[in-house]
2 protein chains.
Amino acid sequence: MSSQTYHAIAHRKLKTLQSLIPKNWLLDPLPDPLPLDVRSLVSKSTVLTPDEFSITSSHDVTSLSQLIHSRALTSEAVTTAFCKRAAIAQQLTNCLSEVFFLPAIERAHALDVEYKRTGKTRGPLHGIPISLKDTFNIKGYDSSIGMASLAANPAKENATLVDILLEQGAVLYCKTNVSQTLMALDSHNHLFGRVMNPRNRRVTAGGSSGGEGALLGMRGSVLGIGTDIGGSVRIPAMCNGLYSIKPSSQRIPFIGQEIGQLPGIDRLGLQASAGLMATSVRDCELFLKTIADANPWEKDPNVAFGSWDGQGGIGKKALFGVMRADGITTPLSPVAKVLDETVEALRKAGLEVVEINAPAFKKYHSLANSFFGIGGNNHTFDILERIGEPLIPWLDTRLRRRKPADLMQLSDLHVRKSAFEKEMLEIWRDENGRMIDALICPVAPHPVPEIDRWNGVGYTSAFVVLDYPAGTLPVRDVSNDDLKDELPESEVLGGWDSRNRDLWHPSISDRSVYLNTKLSVQVVAPRLQERRLYQAMALIDEILHGANSEIRPSIQSRGTVA
Amino acid sequence: MSSQTYHAIAHRKLKTLQSLIPKNWLLDPLPDPLPLDVRSLVSKSTVLTPDEFSITSSHDVTSLSQLIHSRALTSEAVTTAFCKRAAIAQQLTNCLSEVFFLPAIERAHALDVEYKRTGKTRGPLHGIPISLKDTFNIKGYDSSIGMASLAANPAKENATLVDILLEQGAVLYCKTNVSQTLMALDSHNHLFGRVMNPRNRRVTAGGSSGGEGALLGMRGSVLGIGTDIGGSVRIPAMCNGLYSIKPSSQRIPFIGQEIGQLPGIDRLGLQASAGLMATSVRDCELFLKTIADANPWEKDPNVAFGSWDGQGGIGKKALFGVMRADGITTPLSPVAKVLDETVEALRKAGLEVVEINAPAFKKYHSLANSFFGIGGNNHTFDILERIGEPLIPWLDTRLRRRKPADLMQLSDLHVRKSAFEKEMLEIWRDENGRMIDALICPVAPHPVPEIDRWNGVGYTSAFVVLDYPAGTLPVRDVSNDDLKDELPESEVLGGWDSRNRDLWHPSISDRSVYLNTKLSVQVVAPRLQERRLYQAMALIDEILHGANSEIRPSIQSRGTVA
């Protein structure tokens, strides 16, 4: 077929998306040019009523749920507010892929009626709008994952997680934009364009769940579901200053998604996880506990049996480990500093933090890359070539058809992976044999970089290889002072490290792009111990942000953007 | 190399094994011919003192542990008794592959001294002799798994489970004989010969953990560790009238074994489980709880996090399901009857048992067979051909080199497996939506058959494909009355079913071989819910066997074989 085909499909798809946004929700005219930080445009527009602005600005899921339970708010009001704010977010950041605002408001109304009639909510998610990455099948809507040939092919049934969310009373109102093929770290594709970072249009919004990140960054959602096999939840969470958790792969139902890969190949290589992004750490628990309480192992055979209480916990006097570098890429100064500040804050609060040096850690790098390549990308190219759809420029220089791995190669990879997993168990004990409750490390070796310049996924993909639950926690913004810091003094470790330094090199990169971006840390726990991870994150968050640690980033009143 | 080589190795290996049995532990002369039931020879010999006979005949791990804790028995006395009885078992059934009796007795003595000095035992396994299948590496000893070219190659370190057992105070004293390559259901090989069934030399002792089964059948061990990927724990348990549990694959540390397969290939196909055989149902809990309490996930990265209490349980009023047939092979009359008797006993005890008809169930059959073949047996043939070792006759007609599966075929297999797993989740609800606590079904479609005539592994391998924990529970012996039963009246379902009927066809099989063999049922729980399985088994056992349900098969006094 001609390359015209993909253009036509993309044009139709975007037009449909735009047509589903009610006219009175449009920012008309859009400022031209847009400011670097588009978030302020929300308060300047009149699309949201003051109440709607407050509902979407000042709450997390926990507080919205309380207000719905106490009848101070209806789900219809909450859902309408988030639909409108999501529509604004879409106009400013291209963060959406599918919208179903009107059915969502209808469902919210029905849930309100049900609650009024029965006096019972369906659970903590009753009436709460939740957004999902485009990968999740929702009956009647596309899962095009940024590929034109997958568009116009509505899903025949819901993903398992979608069914569980609905059972628990959630209101689904949109799906979010991703990187073409899910294999890029900027969420850019020919169907919907590029997701822009709401706080700083010069830097990336991350990927592959970048639309989800930008939507939450705009507070067009307070709870977003993504997927993560290299960092695809954690990276956009960092880019948008959000809390996130990528659980172990057997924790949250994953089935019923379009992932653009040969079906079944995930069982031969690395397993992706469904994870979440949130605006408060307590919402991470609310989500994970709600899913665990729904007995997800009865619906997805790959989910491990285990109640929320059975997912571990930290000790009364938690012992933290800090892993400052992965041995492949040396963190740039702001990343090293924010990690150090976190460690110092914990120590000041009376907690012990020990240095973890695991020379074996760097082995994840070639393992992750080898696993990502086992299919030789042939399924992806087959999909694209059906209608002559080209790769986006970033992928075009990186993705090639290759010979798929054979059984000997696959077996050998798993031998190496198993050996690595075994070696890494050592990081959970300090040199005196005490158990480390959780590990703190960078999310990436650099701050949120310019568009299309994310340098590798090492610090996040390592914990996919290990299948450890890992989360991100926003710490503080890059300051003007940070920009004066020098490049790392240590020896350059290799190509990845060299390219990483370019991001801070004064003659190569304009460091001012980093202003108004959030620095985050990553927190990690052993496999299948999501509650242990959450408790560690909650403790760190409390220490870093004190009583204000919930509902972040918070916009308390109209016109004040945090 | 010449075929002489394997002969020479086998000759040396067997001679070494024999030389490690002290002369005064030999049954000299062995009766010729041996009786069909060799168990009675134990009481007739003078190798065991009356105390040793009593220790080995009248206890399970739980009671031995209590006696060691209360200082009524020393570990040295217990270990010596089991070493001697294992030596007798070896002479009568060829059940051993490696022996380390003297180091075991030394360790037992040291544990006694430690207990006397500290007043503390290391745990419930303190001083308890435990036997393991030959696959488990024990430093300094071979893991030859019945293949001459793997002999004379002592392990450099312990399997993870071995280390945990030692930490928990267990005494290891022998490893047990298996089928050549582990891929046969009779435990027969050129190194050690064929494992014989102690209660009936005409029928099979099962495999691949057949030595373990026969050793426990002789009460030369009260706790045996095996592995199961098709039924290799459950089949020998049934053949020897034992309790057994094959847990889900992520429950018990598996690493550190010789399994005769391409390293890493297990990660691409079906995952084997380490499991146990025992002489009482309560010992199953003792073992599984002891391992869970040892935090095995800190030692084997493939083990799922989860305490014993976090492994599920049955409801106050348990609801059982019964699945009477797999749709591939219709159970022969004694099997159908004993299942029915079990169901009736449960109903009489006031429990509800619902019929489970899962037409999808039979899909496991082609899935299991396809998965078993993914490597094309090339690694096995490579090992054998190094020294020109021929296959045992049973394998020789079945095993061929084939082309290994490629990535597309492997992916497709996993797609089918995932779909099957999903469909099978339905069996855990009855038609009114109530949760089924546990499932009862046959272990095999036939009673314990003659040597080399086990017909397929369907009823056991299904729960490897599904990764469900599954156990066996001995019910009663085949009776003379049973022998009068007719062949199934239903239509022949295919080749497997036809061969199965041959086992009961009066003109093809002499049914009298089944006398003095035990009929068992299989009990199954959902994935990673081993405690739920155990509780279901304990309840069924209590109902079937009442107050005498523990310490079975029990030999209460010299000369009386149960």
Side-chain angles (χ1 to χ4, degrees), chain A residues 160 248 250 255 261-269 295 297-307 309-312 374-376 378-379 403-425 428-429 435 466-468 525-530 532, chain B residues 160 248 250 255 261-269 295 297-307 309-312 374-376 378-379 403-425 428-429 435 466-468 525-530 532:
Chain A
T160 302
S248 293
Q250 295 183 23
I255 52 180
Q261 299 286 327
L262 182 65
I265 197 173
D266 52 319
R267 288 287 175 273
L268 305 176
N295 296 358
W297 49 86
E298 294 181 3
K299 295 165 184 115
D300 179 340
N302 194 46
V303 172
F305 178 79
S307 67
D309 285 348
Q311 297 179 24
I374 60 172
N378 291 291
H379 188 79
K403 211 177 145 212
D406 64 24
L407 183 110
M408 296 291 283
Q409 291 165 325
L410 287 169
S411 298
D412 181 58
L413 264 177
H414 279 281
V415 168
R416 287 167 53 204
K417 177 167 178 278
S418 294
F420 173 61
E421 289 168 348
K422 183 96 161 66
E423 283 181 290
M424 288 303 290
L425 289 175
W428 299 110
R429 296 275 167 189
M435 194 180 71
L466 291 165
D467 201 24
Y468 291 170
R527 180 164 168 264
L528 288 170
Q529 297 195 48
E530 281 70 19
R532 179 163 159 182
Chain B
T160 301
S248 293
Q250 294 182 23
I255 53 180
Q261 298 286 328
L262 183 67
I265 198 174
D266 52 319
R267 289 286 175 274
L268 304 175
N295 295 358
W297 47 86
E298 294 182 2
K299 294 163 185 117
D300 179 340
N302 193 48
V303 172
F305 179 78
S307 67
D309 284 348
Q311 296 179 24
I374 60 172
N378 291 289
H379 188 79
K403 213 177 143 208
D406 64 23
L407 184 110
M408 296 290 283
Q409 292 166 323
L410 287 169
S411 299
D412 180 58
L413 263 178
H414 279 281
V415 169
R416 287 168 52 204
K417 176 166 177 277
S418 295
F420 173 61
E421 289 168 349
K422 183 96 160 66
E423 282 182 289
M424 289 303 290
L425 289 174
W428 299 111
R429 296 274 167 192
M435 194 180 70
L466 291 165
D467 200 24
Y468 291 170
R527 181 165 168 263
L528 288 170
Q529 299 196 47
E530 281 71 18
R532 178 162 160 184

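Lettering follows sequence order; numbering is per chain, from 1. These numbers come from the heavy atoms of this one structure, side chains and all, not from hydrogens, waters or symmetry mates.
The two atoms that bring A/P301 and B/S418 nearest to each other are CG-O, 4.4 Å, heavy atoms only. Residues B/L407 and A/A405 share a closest heavy-atom pair of CB-O, 3.6 Å. Contact between B/F305 and A/Q311 at its shortest, heavy atoms only, is CE2-C, 3.8 Å.
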Working note: B/Q250 + A/Q250, criterion side-chain contact (heavy atoms from CB on, under 4.5 Å); need CA distance, chi angles, decisive distance, verdict.
CA-CA 12 Å; B/Q250 294 182 23; A/Q250 295 183 23; 2.7 Å; yes
Using the rule given for side-chain contact (heavy atoms from CB on, under 4.5 Å), can you reason through B/E298 versus A/M435, listing the C-alpha separation, both sets of side-chain angles and the distance that settles it, and then say yes or no?
CA-CA 10 Å; B/E298 294 182 2; A/M435 194 180 71; 4.0 Å; yes
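Taking A/L410, A/I255, A/D412 one by one and counting their heavy-atom pairs under 4.5 Å with chain B, the maximum is reached by A/L410. The choice from B/D309, B/D467, B/L466, B/V415 that makes the most heavy-atom pairs within less than 4.5 Å of chain A is B/V415. Looking only at heavy-atom pairs under 4.5 Å with chain B, the residue among A/H379, A/R429, A/K417, A/Q409 that has the most is A/R429.
B/T160 touches chain A through its side chain: at least one heavy atom from C-beta onward sits under 4.5 Å away, while N, CA, C and O do not. Of the two parts of B/D300, only the backbone, made up of N, CA, C and O, holds a non-hydrogen atom closer than 4.5 Å to a non-hydrogen atom of chain A. If you measure heavy-atom distances from B/L425 to chain A, the contacts under 4.5 Å come from the side chain alone. Within the 4.5 angstrom heavy-atom criterion, atoms from both the backbone and the side chain of B/P263 approach chain A.
We find the CH2-CZ distance between A/W297 and B/R527 to be 12.0 Å, quoted to the nearest 0.5 Å. Note that the CG atom of B/L413 and the CZ atom of A/R267 stand 13.5 Å from one another [nearest 0.5 Å]. If you take CG on A/L268 and NE2 on B/H414, they are separated by 5.0 Å, rounding to the nearest 0.5 Å. In this structure, the separation between CD1 on A/I374 and OG on B/S411 is 7.0 Å, given to the nearest 0.5 Å.
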